[in-house]
Amino acid sequence: MKPARLHAPGFDLKLTLESGQVFNWHTHDDGFVGLIADRPARIEQRDDWLFIEGVTPETVVHHFALDHPMAEILDSFPEDEAMRAATAACPGLRIMRQPMWECLGTFITSSMKQVPHIRKMSAAVRELWGVGVDSPWRPLFSYPTPDKLASASEADLRACGLGFRAPNLLGTARMISEGSVKLDQLASLSDDEARAELCKLPGVGEKVANCVLLFSCERMAAVPIDVWIGRVLREKYFVRKRKVTASRLRDFADSYFGPYAGYAQQFLFHHARTTARKKCRDNVRINTSPLPHVH
DNA sequence: CTCCAGGTTCCGG
DNA sequence: CCGGAACATGGA
């Protein structure tokens, strides 16, 4: 496929790929390499232009949701200080359109893990049971199908470092494989119905279900509430309130942020994480600075 | 060595 | 309904 160029003003490839919604892209020189629908792709951004190899620009537009109405989305957010700071910090961040099964599988393994760990576990699962895809840039592996994964053993998955998540991923793969939950039927359900259906799967609770709805089902109102978002909501919207329960947070998130609440969540999430990392670096600097000697 | 990480599930008030 | 605890693993 011929290399192509795509004008993508207001889009930030690096920010989008490193915002914790997707775990299977690799840096390659000044660009990124990964699979889109099992086709190897290399994308590099220079200013407002994307340089694309391996797939069509149309594929990139769809996968990275370059067609999302960002002006309308930003306009729909509530006006408060936390949202203003978060949106200002995240220009160009898009919520991608991921394949459902892969999104579900990786987020099942995400519980109590940091992003780099999730990437590592996911890579191990791909390399053991996925299909190797020829790529000019680096070896790539598709995410194994439910059928393929269903044939693995729990011990196999534990060997990938999944720990207690192994039986969850395995059990979910088996249920999808048997057809007791049908992912391709979710589209016809309401948000609540689809969420309930996903929650039938082992290892899938509200948070993971909402990740799947938001990142792979175009349900822009779905708000995954993890520890980070929980912290942000408590600090910014429940100031000095005692004992804000999880269901209270969920009700608030569902009613306050509007039709694109999932986008609001992703901006708040990324902003919280980046400012926390900065704070962490500052602390390290302070702690490692030489102590004054007292004689 | 200790602490905690994009949670879920089960159990006892 | 709500709070606690167990659940593996690895990196800081």
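Lettering follows sequence order; numbering is per chain, from 1.
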Worksheet item: Expressed in whole Å, how much space separates the P atoms belonging to dC11(B) and dA8(C)?
Response: 16 Å
Item to complete: Kindly give the heavy-atom pair with the smallest separation between I118(A) and T106(A), and that separation in Å.
Response: CG2-O, 4.1 Å
Worksheet item: Can you check the K207(A) NZ to dG7(B) P distance for me, whole Å?
Response: 6 Å
Discussion item. Is the ring pair F215(A)/F107(A) parallel, tilted or perpendicular, if the boundaries are 30 and 60 degrees?
Written reply: parallel
Practice prompt. Could you tell me which residues satisfy side-chain hydrogen bond (donor to acceptor under 3.5 Å, both in side chains) with E193(A), sequence neighbours excluded, listed by chain and number?
Written response: S190(A)
Fill in: d(CZ, R231(A); C1', dG7(B)) in whole Å
14 Å
Worksheet entry | Parallel, tilted or perpendicular, as decided by the 30° and 60° cut-offs, for the rings of F267(A) and F77(A) | perpendicular
Worksheet item: How far does the P atom of dC3(B) sit from the matching atom of dA6(C), given to the nearest Å?
Response: 14 Å
Discussion item. What's L157(A) touching, base or sugar-phosphate or nothing? Going by heavy atoms closer than 4.0 Å.
Written reply: nothing
Worksheet entry | Whole-Å gap separating P (dG6(B)) and CD (Q266(A)) | 13 Å
Worksheet item: How does protein reach along nucleotides 2-9 of chain C, written 5' to 3' as B (base within reach of a heavy atom under 4.0 Å), S (only sugar-phosphate), or - (no contact)?
Response: SS---BBB
Worksheet item: Touch check for T106(A), heavy atoms < 4.0 angstrom, all strands: base, sugar-phosphate only, or nothing?
Response: nothing
Item to complete: Apply side-chain hydrogen bond (donor to acceptor under 3.5 Å, both in side chains) to S153(A) and list each qualifying residue two or more places apart in sequence or on a separate chain.
Response: D156(A)
Worksheet item: Charged N to carboxylate O below 4.0 Å: is that the case for E18(A) and R273(A)?
Response: no
Practice prompt. Measure the distance from CE on M121(A) to C1' on dG6(B) and round it to the nearest whole Å.
Written response: 11 Å
Worksheet item: Can you check the R119(A) CZ to dG11(C) C1' distance for me, whole Å?
Response: 16 Å
Worksheet item: Could you give the CG-to-P distance, from N168(A) to dG7(B), as a whole number of Å?
Response: 13 Å
Fill in: Pi stacking test for F107(A) and dG6(B): under 5.5 Å apart, planes under 30°
no
Worksheet entry | Atom-pair distance (CD1 on I108(A); C1' on dG6(B)), nearest Å | 14 Å
Worksheet item: Relative to each other, are the rings of Y263(A) and Y260(A) parallel, tilted or perpendicular (30° and 60° limits)?
Response: perpendicular
Response to the item:
Between NZ of K120(A) and C1' of dG11(C) the distance, given in whole Å, is 8 Å
Discussion item. Heavy atoms only, 4.0 Å cut-off, all strands: where does G20(A) land among base, sugar-phosphate and nothing?
Written reply: base
Practice prompt. Starting from the 5' end of DNA chain B, give me the residue, I229(A) or V204(A), whose nearest nucleotide shows up first.
Written response: I229(A)
Discussion item. If I pick the P atom on dG4(C) and the same atom on dC4(B), what distance separates them, to the nearest angstrom?
Written reply: 15 Å
